[in-house]
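On a predicted model such as this, the values are computed, not experimentally measured, just so you know.
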Amino acid sequence: MFKPDPANRRDRLILHYGRIALALLAGAGAALAHPPFGFLPGLLGYPLLMLLAERSATPRGGFWMGWLAGFAYFFISCWWVAEAFLVNPAQAWMAPFAASLLPIGLGLFWGAATALYQKFAPGGVVRVLVFAGLFSLLEWLRGHVLTGFPWNPAGASWAAGSPASQFAAVVGVYGLGLVTVAAVSAFGPLAGPGPRKARVGAAVLGALALAALLVGGTVRLSGARLTLTDTVVRIVQADVPQESKWTPEAYRGIVDRYVNLTARPGAVVPDVVIWPEGALPASANQVFAPGSPDAAAIARAVRPGQSLILGLGRGVADPDAPDGARYYNSLLALTDEGDDGLRISAAYDKYRLVPFGEFLPAGGLLGALGVRSLTHMPLDFSAGPRPAPIAIPGLPPVQPLICYESLYPGFTPGGAARPQWIVNISNDAWFGRTSGPLQHLNLASYRAIETGLPVVRSTPTGVSAMIDPWGRVVGEQRLEPGESGVIDARLPAPAAATPYGRFGDLLFALGLLAALAPLVGWRRLIVRARR
């Protein structure tokens with residue numbers, strides 16, 4: 001067994017670089033637990049990170065262990081963002097910076113968690129709860145600070161629709177992450193000091209927690225009864241690559257492709273046809289301008305009484321706006337009313353916009369520094385109101401989520417305002433055939449588990465799918481990246497309202513308080529309560 005000599009410079013270097021390698025390994029392992037990799041032993045990266053933070057001499061050392069692990073985690077999880085910069089050759093030079101700067105920034109949350117843990121963690125095996133609590137708190141902050149970026153939270157390591165994922169119906173994906181990190185980190189004390197009985201007991205409790213996730217989820221799925229409604233949905237995936245979308249020569253072919261897929265004969269007549277976000281390389285103002293041949297072609301493809309849901313940008317006159325108009329990334333529902341043609345029956349404007357993609361944060365300052373010209377983003381989109389269900393004639397109430405809004409828990413109301421389904425239109429064509437679209441499908445499917453509602457997902461190039469209220473793709477109703485076609489399917493009925501749908505993150509917050517209680521002397525609190 002290697003025992004470093006602090007006086008030996010070579011041993012110090014081996015120890016230093018060994019710790020760096022282990023931190024990177026911890027983050028990489030945790031990242032590989034996520035789909036599409038599904039390497040669940042990688043979850044042991046969390047107890048490894050906990051041990052590395054404990055063995056750091058200072059909070060600063062703990063921070064660097066967490067930051068290195070976070071960098072590896074987010075580099076593997078988010079490398080596909082570079083693909084978006086390869087679409088435009090003029091921006092290709094920015095791809096390496098995008099792939100590295102994002103994990104550099106997101107790794108700060110992991111670093112903060114491990115620095116706090118190194119500073120305040122109590123002794124004994126109860127420290128496992130503190131580690132999981134601090135880590136989960138910083139994960140929640142990552143999903144909320146500066147609009148948040150909740151990509152691949154720890155709870156989503158379990159493939160949506162699997163038994164373990166079902167606990168998200170109770171505590172949401174953040175609560176599932178708290179339980180998951182605590183359970184696997186309970187194996188960490190086996191490699192540390194302390195009474196053997198306590199260390200083994202912690203590991204046994206961790207194993208029991210993991211078993212409870214699996215058994216409880218299996219029981220929930222065994223009682224899941226998929227009921228199909230009479231509403232027939234057609235999901236259109238035209239397979240239009242992003243890099244060939246914006247040429248004038250391609251425009252006519254793109255319109256024809258969507259129109260032909262919409263009008264394609266099928267075994268049943270759909271009640272609603274769904275196109276993805278940014279389906280056409282034009283604004284709604286252009287496509288549906290008076291006398292537009294595109295509007296006429298779309299109207300011919302949509303049958304009387306049928307509705308069409310599609311995503312387009314649109315401009316709305318506003319004399320208070322700098323340019324006299326505001327621009328929105330919108331979902332529009334159009335209904336064919338026979339002789340009167342298509343009518344916009346409902347509209348939803350995207351609420352959670354993508355920084356540097358749909359708006360420039362601190363636009364005045366960064367614009368003056370030339371960042372706007374670098375991003376080739378001449379105008380900002382405006383944010384719409386907070387997501388709320390919309391009513392479309394002849395269809396059950398639906399909650400729209402555009403693109404990465406499907407990453408955010410809590411946007412779909414429960415109680416009396418609960419809709420009957422969720423529609424998620426997205427433009428994942430920016431990311432090609434990388435892991436990004438596959439992970440996006442997994443994350444969007446968690447919204448089905450949390451709410452007990454089916455999710456209908458349409459993208460230009462994949463993955464489009466019909467997802468049941470337990471987060472599972474229904475049958476073979478899925479179009480993979482690179483496929484063109486339609487999915488005709490009856491809409492699943494909602495499952496019973498879930499605890500998470502009723503209470504949101506309340507149960508997760510209570511779990512956080514319990515996990516972090518040792519930081520405020522939980523034993524003293526219990527004694528005082530008894531007195």
- Query: Yes or no on side-chain contact (heavy atoms from CB on, under 4.5 Å) for V463 and D428, after CA distance, side-chain angles and deciding distance?
  - Reply: CA-CA 8 Å; V463 180; D428 290 359; over 6 Å; no
Whether the side chain of [X] engages the backbone of [Y] through a donor-acceptor N/O pair (distance < 3.5 Å, no angle test) should be reported.
{"X": "Y46", "Y": "A154", "value": "no"}
{"X": "Q166", "Y": "W470", "value": "yes"}
{"X": "R196", "Y": "P193", "value": "no"}
{"X": "S100", "Y": "F97", "value": "yes"}
{"X": "W421", "Y": "P396", "value": "yes"}
{"X": "E277", "Y": "N427", "value": "yes"}
{"X": "Q242", "Y": "A429", "value": "no"}
{"X": "R447", "Y": "A444", "value": "no"}
{"X": "R199", "Y": "G194", "value": "yes"}
{"X": "Q439", "Y": "N152", "value": "no"}

From [atom1] ([X]) to [atom2] ([Y]), nearest 0.5 Å:
{"X": "T434", "Y": "W80", "atom1": "OG1", "atom2": "CH2", "result": "7.5 Å"}
{"X": "I402", "Y": "N329", "atom1": "CD1", "atom2": "CG", "result": "5.0 Å"}
{"X": "K350", "Y": "S382", "atom1": "NZ", "atom2": "OG", "result": "13.5 Å"}
{"X": "L443", "Y": "L438", "atom1": "CG", "atom2": "CG", "result": "11.0 Å"}
{"X": "I425", "Y": "S464", "atom1": "CD1", "atom2": "OG", "result": "11.5 Å"}
{"X": "L24", "Y": "I20", "atom1": "CG", "atom2": "CD1", "result": "7.5 Å"}

Heavy-atom check, side chain of [X] versus side chain of [Y], under 4.5 Å:
{"X": "P419", "Y": "V398", "result": "no"}
{"X": "I422", "Y": "T412", "result": "yes"}
{"X": "T461", "Y": "P481", "result": "no"}
{"X": "P437", "Y": "E480", "result": "no"}
{"X": "Y500", "Y": "L176", "result": "no"}
{"X": "L49", "Y": "T114", "result": "yes"}
{"X": "F120", "Y": "V130", "result": "no"}
{"X": "T180", "Y": "F167", "result": "no"}

Could you pull out the closest heavy-atom pair between [X] and [Y], with the gap in Å?
{"X": "L214", "Y": "A164", "value": "CD2-CB, 4.0 Å"}
{"X": "E83", "Y": "G432", "value": "CG-N, 4.1 Å"}
{"X": "P35", "Y": "A156", "value": "CD-O, 3.9 Å"}
{"X": "P189", "Y": "V125", "value": "CB-CG1, 4.1 Å"}
{"X": "A31", "Y": "F37", "value": "O-CD1, 4.1 Å"}
{"X": "N424", "Y": "R457", "value": "OD1-NE, 2.8 Å"}

- Item | Option passing ring-ring contact (aromatic ring centres under 6.0 Å, His included) with H440 (candidates Y446, W430, W151, F431) | W151
- Message: Run the ring pair (Phe, Tyr, Trp, His ring centres under 6.0 Å) test against W64 and tell me which residues pass, sequence neighbours left out.
- Response: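 Ring pair (Phe, Tyr, Trp, His ring centres under 6.0 Å) check on W64 returns W67.
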- Task: Hey, can you tell me if Y404 and F149 have their rings parallel, tilted or perpendicular (30° and 60° cut-offs)?
- Result: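 Y404 vs F149 ring planes: tilted.
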- Please state whether the rings of F135 and W110 are parallel, tilted or perpendicular, taking 30° and 60° as the class boundaries. perpendicular
- Could you please spell out the steps behind the side-chain contact (heavy atoms from CB on, under 4.5 Å) verdict for F187 and L210? CA-CA 12 Å; F187 295 99; L210 292 174; 4.1 Å; yes
- Message: Determine whether L331 and V423 satisfy the following criterion, side-chain contact (heavy atoms from CB on, under 4.5 Å), listing intermediate values before the conclusion.
- Response: CA-CA 10 Å; L331 175 146; V423 60; 4.1 Å; yes
- Six-ring centre of Y408, R352 cation under 6.0 angstrom, axis tolerance 45°: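 Judged by the rule, R352 and Y408 form a cation-pi pair.
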- Within a reach of under 6.0 Å around CZ of F411, are more than 12 heavy atoms found that belong to other residues, nucleotides or ligands? yes
- Task: Carefully, step by step, assess L353 and T147 under the rule side-chain contact (heavy atoms from CB on, under 4.5 Å).
- Result: CA-CA 8 Å; L353 301 175; T147 77; over 6 Å; no
- May I ask you to check whether W93 and F85 place their ring centers less than 6.0 Å from one another? no
- Message: Using the rule given for side chain to side chain donor-acceptor pair (under 3.5 Å), can you reason through R19 versus S56, listing the C-alpha separation, both sets of side-chain angles and the distance that settles it, and then say yes or no?
- Response: CA-CA 10 Å; R19 286 167 56 81; S56 299; 2.8 Å; yes
